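Just so we're on the same page: letters track the sequence lines, and every chain starts at 1. Keep in mind it's a predicted model, so treat the numbers as computed, not measured.
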Amino acid sequence: MAPKATDPSIDSRPGRRIAHLDMDAFFASVELLERPELKGLPLVVGGPRRRPGSEPGHGMRLGDYRGRGVATTCTYEARAFGVRSGMGLMKAAALAPEALLLPANFEAYRRSSAAFKAAAVAIAPVMEDRGIDEIFLDLTEVPGESRELGMRLKVAVREATGLTCSVGITPNKLLSKIASELQKPDGLTILSQDEVPTRIWPLAISVINGVGPKAAEKLRSLGLETVGQVAAANPAELIGHFGQSYGRWLFEAAHGRHDSPLVTSRDPKSISRETTFERDLHPKADREQLSKILLDLCTRLAGDLARQHVLAKGVGIKLRYEDFRTVTRDVTLVRPSRDPEALREAARACLKRVDLDRKLRLLGVKAGTLVEEGGFLGEFQPGLFED
DNA sequence: TCTGGGGTCCTAGGACCC
DNA sequence: TCTGGGGTCCTAGGACCC
């Protein structure tokens with residue numbers, strides 16, 4: 001099954017140069033721009049949201065926090081205590097009670113994000129957006145040496161935002177993503193394919209984007225802990241354990257081979273809203289409160305759909321029970337819609353199909369199979385083919 | 001002292017159609 | 001009456017990422 005040379009999922013141009021640019025401790029660093037006097041202190045961003053337009057949060061002692069938030073980002077000083085992004089704040093507080101907890105200010109982060117991306121694109125116009133704090137850039141056609149281009153990118157980002165970033169430049173996305181991590185913060189790492197055995201093989205397999213905790217654990221149980229060990233494994237055995245697709249990919253990735261192109265634009269596939277309650281709620285005893293929350297989620301989701309000029313053909317709910325078990329249900333609408341009432345009605349129909357005798361910690365609503373507003377896709381147009 | 005919110009992609013079974 | 005294969009849609013869950 002040799003793919004054609006024109007296969008859009010493969011970019012095998014010789015001499016390809018891909019950069020991965022990753023902002024350093026992004027949210028925390030943006031906070032430090034507003035409050036430079038906090039530089040050098042252990043800071044954690046997360047928990048309660050700062051209202052758009054409000055004063056810079058004064059923050060609080062992490063040890064005084066009570067609630068269900070997680071650390072979105074933390075400074076390197078906080079990491080020294082063992083705090084990590086994604087960690088529950090109560091656990092983080094046990095590790096670093098004296099750290100300062102700052103509420104997240106997404107308005108400011110989005111502004112810095114737009115600024116660093118604009119600065120990067122001015123140097124290398126082909127960009128893949130990987131979220132608020134990282135991008136891939138295609139440097140293949142950009143004149144200049146890799147190290148010089150990397151320095152130019154870093155200087156441009158710092159001038160545009162006042163922030164540092166780490167850059168990896170290699171022949172592909174997979175290696176660049178690893179490379180940008182190697183000398184964080186404020187790093188610049190250039191890697192060629194030849195250097196994979198010396199620079200990448202000694203690293204833990206989990207450095208590869210796409211190898212998460214589950215796959216890493218399964219590999220470990222097979223005696224494969226480093227990238228090099230996976231590269232030396234029998235590909236047939238990997239396929240036996242992980243399936244044709246993932247097994248093959250794993251083997252190629254361990255050799256640093258990866259030819260997927262930059263994705264420079266994409267249509268949204270789904271839009272969702274969800275919320276974790278401050279305390280667990282019972283579907284029956286707290287019915288009114290849950291009903292209000294559902295309406296609010298549907299209303300916000302409808303607003304999101306309107307801003308994107310799309311209608312939902314599918315509507316789903318997500319519930320998380322107090323024991324953290326998560327279930328989803330979804331339905332296909334007779335007619336695509338973004339009316340809050342239609343969303344709520346569909347969500348209620350889904351709710352009838354789940355266990356409502358146990359307490360919940362989270363409720364979410366999702367719009368899937370999105371169709372363009374006014375588009376013909378999937379929509380029956382009465383009268384169109386009649387006379 | 002448990003674990004946010006917003007996404008993508010993949011798998012897999014069953015319905016249904018040709 | 002039995003066998004069968006391909007294709008698509010729908011639904012549920014899970015791994016993974018930022």
Side-chain angles (χ1 to χ4, degrees), chain A residues 9 20 22-23 25-27 44-49 62-63 65-73 82-97 103-104 106 109-110 113 128-136 173-174 177 180-181 206-218 242-247 249-250 253 260 263 266-278 280 297 300-301 304 308 313-333 346 349-350 353-354 361-370 378:
Chain A
S9 67
H20 181 254
D22 196 352
M23 300 300 289
F26 185 51
F27 296 179
V44 175
V45 177
R49 284 199 176 198
L62 183 55
Y65 174 81
R66 299 286 176 274
R68 294 182 151 174
V70 300
T72 309
T73 328
V83 179
R84 295 288 176 272
S85 341
M87 181 180 279
L89 288 178
M90 296 303 280
K91 186 175 174 187
L95 295 167
F106 284 96
Y109 309 151
R110 272 191 287 269
S113 179
E128 174 175 336
D129 200 321
R130 293 294 300 180
I132 198 160
D133 69 343
E134 59 181 82
I135 53 176
F136 286 109
K173 293 203 286 183
L174 183 104
K177 170 85 179 158
S180 69
E181 286 290 322
S206 54
V207 300
I208 290 176
N209 202 266
V211 178
K214 300 286 180 179
E217 176 51 35
K218 190 165 165 183
F242 293 92
Q244 181 62 236
S245 167
Y246 192 73
W249 174 85
L250 212 42
S260 64
V263 178
R266 54 170 23 126
D267 294 328
K269 303 271 189 295
S270 68
I271 301 177
S272 64
R273 289 283 184 164
E274 64 183 57
T275 186
T276 295
F277 318 134
E278 283 174 29
D280 296 341
L297 290 169
R300 284 194 281 158
L301 184 58
D304 297 337
Q308 303 277 334
K313 215 176 149 212
V315 175
I317 57 156
K318 170 169 153 185
L319 300 185
R320 181 120 72 207
Y321 293 104
E322 55 184 343
D323 64 358
F324 223 73
R325 199 168 55 91
T326 304
V327 299
T328 62
R329 292 292 180 273
D330 53 77
V331 287
T332 298
L333 266 33
C350 291
R353 294 192 272 135
V354 296
R361 65 148 37 222
L362 171 149
L363 177 61
V365 184
K366 170 161 114 169
T369 325
L370 305 178

Closest contact, heavy atoms only, A:V365 versus A:L297
CG2-CB, 3.9 Å

Strand contacts (DNA chain B) in residues 129-136 of chain A, 4.0 angstrom heavy-atom criterion
none

Interatomic distance, OG@A:S206 vs CD@A:E217, rounded to 0.5 Å, equals 11.5 Å

Got a list of side-chain donor-acceptor pairs under 3.5 Å for residues 82-97 of chain A, not counting sequence neighbours?
| from | atom 1 | to | atom 2 | distance (Å) |
| --- | --- | --- | --- | --- |
| A:R84 | NH1 | A:R79 | O | 3.1 |

Which residue lies toward the 5' end of DNA chain B, A:S272 or A:R66, if each is placed at its nearest nucleotide?
A:R66

Given a 3.5 Å cut-off on both pairing distances, which stems involving DNA chain B, each at least three consecutive Watson-Crick or G-U pairs, are present, if any?
B:5-18 with C:5-18

Is there a donor-acceptor pair under 3.5 Å between the side chain of A:E128 and the backbone N or O of A:V263?
yes

Within the structure shown, what part of the strands sits under 4.0 Å from A:L89 by heavy-atom distance: base, sugar-phosphate, or nothing?
nothing

What pairs of residues pass the salt bridge (charged side-chain N to carboxylate O under 4.0 Å, His left out) test when at least one of them lies in residues 320-333 of chain A, not counting sequence neighbours?
A:D323-A:R358

Hey, where on DNA chain C does chain A first and last touch, going 5' to 3'? Cut-off is any atom under 4.0 Å from a heavy atom.
C:dC10 to C:dC18

With heavy atoms under 4.0 Å as the rule, sort A:R353 into base, sugar-phosphate or nothing.
sugar-phosphate

Syn or anti for C:dC2, given that syn means the glycosidic angle lies within 90° of 0?
anti

Can you sort out the partners of A:R68 under salt bridge (Lys or Arg N to Asp or Glu O under 4.0 Å), two or more places apart, ordered by chain and number?
A:D280

Taking the C1' atom of each, how far is C:dG4 from B:dC16, in whole Å?
16 Å

Base, sugar-phosphate or nothing for A:G63? Non-hydrogen atoms, less than 4.0 Å.
nothing

Check every strand shown and say whether A:K177 touches a base, only sugar-phosphate, or nothing at a heavy-atom separation below 4.0 Å.
sugar-phosphate

Between A:E274 and A:K366, does any NZ, NE, NH1 or NH2 come within less than 4.0 Å of an OD or OE carboxylate oxygen?
no

Which residue, A:G67 or A:K318, contacts DNA chain B at a nucleotide closer to its 5' end, judged by nearest heavy atom?
A:G67

Which label fits A:Y109 and A:F27: parallel for a plane angle under 30°, tilted from 30 to 60°, or perpendicular past 60°?
parallel

Can you name the nearest heavy-atom pair linking A:I317 to A:C350, along with the distance?
CG1-CB, 3.5 Å

Looking for any heavy atom pair under 4.0 Å, which part of the strands does A:K91 touch: base, sugar-phosphate only, or nothing?
nothing

Indicate yes or no: at least one non-hydrogen side-chain atom of A:L362 is less than 4.5 angstrom from one of A:F277.
no

Mind checking A:A215 for me? I need base, sugar-phosphate or nothing, with any heavy atom below 4.0 Å counting as a touch.
sugar-phosphate

Just checking A:S85: base, sugar-phosphate only, or nothing, at a heavy-atom cut-off of under 4.0 Å?
nothing

Under 3.5 Å, side chain of A:S113 to main-chain N/O of A:I132, donor-acceptor pair present?
yes

